[in-house]
Protein chains: 2
Amino acid sequence: MKPMTIGEVAKAAEIGVETVRFYEREGLLAEPPRRQSGYRQYPPDTVRRLRFIRRAKELGFTLKEIGELLDLRVDPARSCADVRALARAKMADIEAKMLDLARIQAALTELERTCRGKGPTSDCPILDALDEQEVTRGDR
Amino acid sequence: MKPMTIGEVAKAAEIGVETVRFYEREGLLAEPPRRQSGYRQYPPDTVRRLRFIRRAKELGFTLKEIGELLDLRVDPARSCADVRALARAKMADIEAKMLDLARIQAALTELERTCRGKGPTSDCPILDALDEQEVTRGDR
DNA sequence: ATGCACTCTGTACCCAACTACAGAGTCAAG
DNA sequence: CTTGACTCTGTAGTTGGGTACAGAGTGCAT
């Protein structure tokens, strides 16, 4: 049960067949081997890669950024210092995202708590979530 | 120093003037009062709202979702149960995002650690990050 | 009182990321 | 050995989220 068709990997990753080909054109997915007919033959772990892409997109990464993440690996063709620098940059970015999410989360928690009562009070507490702090970050 | 011009709020929120008007058309920003000339006059806290929108976008929320977040508030015109249900739904969504980010973060940490050595080993450890677990979530 | 920056409306254009054909060939279950 | 689902390439269309004018009016510092 080794190689999968494009339809199979697409279904498994919950994306469209056209999208898989699109990612290939965009360089996010290596060109797979073909059979004589020209049909693409995917190794099953392609599904993981596609799923990663889908999830990372939902986290606000662009396809370009996702490509960079996927290229990060222990790689003899690249200096360790480089890889580590890239990894650290991404980590800072992610740290900032998590912080922002945590703030919104806290605001929602507070909202739920407040709403338990019946008061008509309060403006929009959500706005306080990402206020001002302007966490140091390179503004992507 | 009360009311601000569109140029001022745009600059303060680090977005373009055209974008502010765009958000107004999209219903993310209430139509502000105008002076006789037709110039928009913004209350200064508009800046916070705009900043929130900018940040939330970076977290992968669509403008539609951001609108829903901003509409969440203690509101006499809406049942408390409704607001709380909405809040909880958003919280679950955010929880999932934070989990995914934490996984990528962990993978990057591991990568950095591994890379400290010099081995040529290892495929793409990042892929393990968002693997399979398929956390229960309504697939937005 | 004038010039330069700013704002107005409206329309058109742009980019990322798909999504949908058309027209031709392929696979495999019955 | 046919037939219906699947795949191929290539090109075109769509959606979300802006961005860029054009042409006309406004504010204000000198």
Side-chain angles (χ1 to χ4, degrees), chain A residues 1-44 46-47 49-70 139-140, chain B residues 1-44 46-47 49-70 139-140:
Chain A
M1 176 261 192
K2 273 294 278 313
M4 301 172 75
T5 67
I6 194 169
E8 285 163 354
V9 292
K11 185 160 191 196
E14 296 173 84
I15 61 178
V17 164
E18 316 268 12
T19 305
V20 177
R21 286 195 281 250
F22 172 71
Y23 288 158
E24 184 181 317
R25 280 199 301 284
E26 297 297 298
L28 282 170
L29 207 55
E31 297 195 18
R34 308 286 187 111
R35 29 167 117 175
Q36 334 68 279
S37 61
Y39 278 31
R40 289 169 180 80
Q41 286 199 286
Y42 292 98
T46 303
V47 176
R49 195 171 173 100
L50 290 173
R51 273 211 249 258
F52 179 88
I53 295 170
R54 182 168 61 72
R55 300 270 207 117
K57 264 196 324 116
E58 292 173 5
L59 296 172
F61 293 101
T62 64
L63 293 188
K64 183 158 168 296
E65 288 171 321
I66 294 169
E68 287 164 16
L69 279 172
L70 286 169
D139 208 71
R140 31 216 252 95
Chain B
M1 176 263 192
K2 272 294 279 311
M4 301 172 76
T5 67
I6 194 169
E8 285 162 354
V9 293
K11 184 158 193 198
E14 296 172 85
I15 60 178
V17 164
E18 316 267 12
T19 306
V20 177
R21 288 196 280 251
F22 172 71
Y23 288 159
E24 183 181 317
R25 281 200 301 284
E26 297 297 298
L28 282 170
L29 208 55
E31 297 194 19
R34 309 286 189 111
R35 30 167 117 175
Q36 336 65 281
S37 62
Y39 278 32
R40 289 169 179 81
Q41 286 199 285
Y42 292 97
T46 304
V47 176
R49 194 172 174 100
L50 290 172
R51 273 211 250 258
F52 178 90
I53 295 171
R54 180 168 61 72
R55 300 270 207 117
K57 263 194 324 116
E58 291 173 5
L59 295 171
F61 292 102
T62 64
L63 293 188
K64 184 159 166 294
E65 288 171 321
I66 294 170
E68 286 164 16
L69 279 173
L70 286 170
D139 207 69
R140 24 214 259 93

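Letters go in sequence order (proteins before strands), and every chain restarts at 1. Excluded from the calculations below are hydrogen atoms, water molecules and symmetry mates; all remaining heavy atoms, backbone and side chain alike, are included.
Atom CZ of B:R34 and atom P of C:dC6 are 19 Å apart (whole Å). Per the geometry, NZ belonging to A:K64 stands 16 Å off P belonging to C:dC15, to the nearest Å. A straight line from CD1 of B:I6 to P of C:dC6 spans 13 Å, rounded to a whole angstrom. The CD atom of B:E24 sits 13 Å away from the C1' atom of C:dT7 (whole-angstrom rounding). Rounded to an integer number of Å, the gap from A:I53 CD1 to C:dA17 C1' is 12 Å. Separating the CZ atom of B:F61 from the P atom of D:dG18 is a distance of 15 Å, rounded to the nearest angstrom. Between B:E65 atom CD and D:dG17 atom C1' the separation is 14 Å, expressed in whole Å. Between B:K11 atom NZ and C:dA5 atom P there is a gap of 14 Å when expressed in whole angstrom units.
The CZ atom of A:R40 lies 11.5 Å from the OG1 atom of A:T5; values are rounded to the nearest 0.5 Å. Note: B:R51 CZ to B:E14 CD = 6.5 Å, rounded to the nearest 0.5 Å. Put simply, CG on A:L63 and CZ on A:F22 are 6.0 Å apart, with the number rounded to the nearest 0.5 Å. To the nearest 0.5 Å, atoms CD1 (A:I66) and NZ (A:K57) are separated by 7.0 Å.
Of all heavy-atom pairs spanning B:P32 and B:Q41, the tightest one is CB-O, 3.6 Å. Nearest heavy-atom pair across A:V20 and A:A10 is CG2-CB, 3.9 Å. Contact detail for A:L50 and A:A13: the closest heavy-atom pair is CB-CB, 3.5 Å. Considering every non-hydrogen atom in both A:Y42 and A:L29, the closest pair reads CE2-CD2, 4.3 Å.
Comment: B:K11 does not engage B:E8 in a salt bridge, judged by the lack of any side-chain N to carboxylate O separation of less than 4.0 angstrom. Ionic pairing of B:R21 and B:E18 is present here: one or more N-O contacts between side-chain nitrogen and carboxylate oxygen are shorter than 4.0 angstrom.
For the pair B:R54/B:I15, a side-chain contact is recorded, criterion being any heavy-atom separation below 4.5 Å from C-beta on.
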Fill in the blank from the handout: Whether each nucleotide of nucleotides 23-30 of chain C has a protein heavy atom under 4.0 Å at its base (B), only at its sugar-phosphate (S) or at neither (-) is summarised, 5' to 3', as --BBS---
Exercise for the section: Determine, for nucleotides 10-16 of chain D in 5'-to-3' order, which nucleotides have protein heavy atoms under 4.0 Å from the base (write B), from only the sugar-phosphate (write S), or from neither (write -). Expected result: -------
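For the helix from C:dA1-D:dT30 to C:dG30-D:dC1, the axis fitted to the five pairs at one end and the axis fitted to the five pairs at the other end meet at an angle of 10° (nearest 10 degrees).
Candidate nucleotides D:dG17, C:dA17, D:dT7 were compared by shortest atom distance to the side chain of A:T5, and D:dT7 ranks first. Among the nucleotides D:dT19, C:dT9, D:dT7, the one closest to the side chain of B:R40 is C:dT9. Between D:dT7, D:dT9, C:dT7, one nucleotide has an atom nearer to the side chain of B:V17 than all others, and that is C:dT7.
Residue contacts shown for A:G16 are absent, as no nucleic acid heavy atom lies under 4.0 Å away.
Between the side chain of B:E58 and the main chain of B:R55, no donor-acceptor pair closer than 3.5 Å is present.
The side chain of B:Y23 places an N or O atom within less than 4.0 Å of a non-bridging phosphate oxygen (OP1 or OP2) of D:dG18.
Toward the 5' end of DNA chain C, the nearer of the two residues A:T19 and B:E8, judged by each one's closest nucleotide, is B:E8.
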